[in-house]
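Notes to accompany the following structure.
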Amino acid sequence: MDRIEKEKMVIERMIRLYCRRRHHSRELCSECSEMLDYAHQRLDRCPFGAAKPTCRNCPIHCYKPGMRKRINAVMKYSGPRMLFRYPALAIDHLIHGLKKAS
Ligand SMILES: [Zn+2]
């Protein structure tokens, strides 16, 4: 699996977790599925491709302001919880997050 696919999976899990707990919906609500579509679209267009740093370390802030605020809330909520639910995935993400964009 390449970096972009992995990032997509991480962001999807984070958004699903957030939506389930915060919006109490079993499937993604329209607001969150819009956010997920947007996040995936940004990843598809990421100019770094496979060399992509995690979004936190990325020198390009490609999210539009409103969306960035929403995704930040998701990451803040789901980030720590991911460690318990998907430790391997979260740790991989953390380690990768230590690398800087080249
Ligand atoms: Zn939601």
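We count residues from 1, following the sequence as given.
- With sequence neighbours left out, the side chain to side chain contact (heavy atoms under 4.5 Å, CB included) criterion links R21 to L17, Y77, R81, R85.
- Sorted by first then second residue, the salt bridge (Lys or Arg N to Asp or Glu O under 4.0 Å) pairs that include residues 38-51, not counting sequence neighbours, are K8-D44.
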Practice task
Might you work through the side chain to side chain contact (heavy atoms under 4.5 Å, CB included) test for K64 and R68, ending with a clear yes or no?
Solution key: CA-CA 6 Å; K64 60 186 178 190; R68 199 200 298 182; over 6 Å; no
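- Here SG of C19 is found 10.0 Å from NE2 of H24. Values are rounded to the nearest 0.5 Å.
- Here the CE atom belonging to M9 is positioned 11.5 Å from the CE atom belonging to M14, to the nearest 0.5 angstrom.
- Residues L28 and S25 approach most closely at C-OG, 4.3 Å, considering heavy atoms.
- In this structure R16 satisfies the salt bridge (Lys or Arg N to Asp or Glu O under 4.0 Å) test together with E12, sequence neighbours excluded.
- Looking at S78, its side chain never comes within 3.5 Å of a backbone N or O of M75 through a donor-acceptor pair.
- Sequence neighbours left out, the pairs with a member in residues 26-46 that pass ring pair (Phe, Tyr, Trp, His ring centres under 6.0 Å) are Y38-Y63.
- Residues passing the ring-ring contact (aromatic ring centres under 6.0 Å, His included) test with H23 are Y18, sequence neighbours excluded.
- By the salt bridge (Lys or Arg N to Asp or Glu O under 4.0 Å) test, R70 pairs with E34, sequence neighbours left out.
- Atoms CD1 and CG, from I4 and L43 in turn, are 5.0 Å apart once rounded to the nearest 0.5 Å.
- To the nearest 0.5 angstrom, M67 atom CE is 11.5 Å from C62 atom SG.
- One distance of note links CG of L36 with CD1 of I71; it measures 8.0 Å at 0.5 Å rounding.
- Applying the side chain to side chain contact (heavy atoms under 4.5 Å, CB included) rule to R26 yields no partners; only residues at least two apart in sequence or on another chain are considered.
- For K69, there are no side chain to side chain contact (heavy atoms under 4.5 Å, CB included) partners at least two apart in sequence or on another chain.
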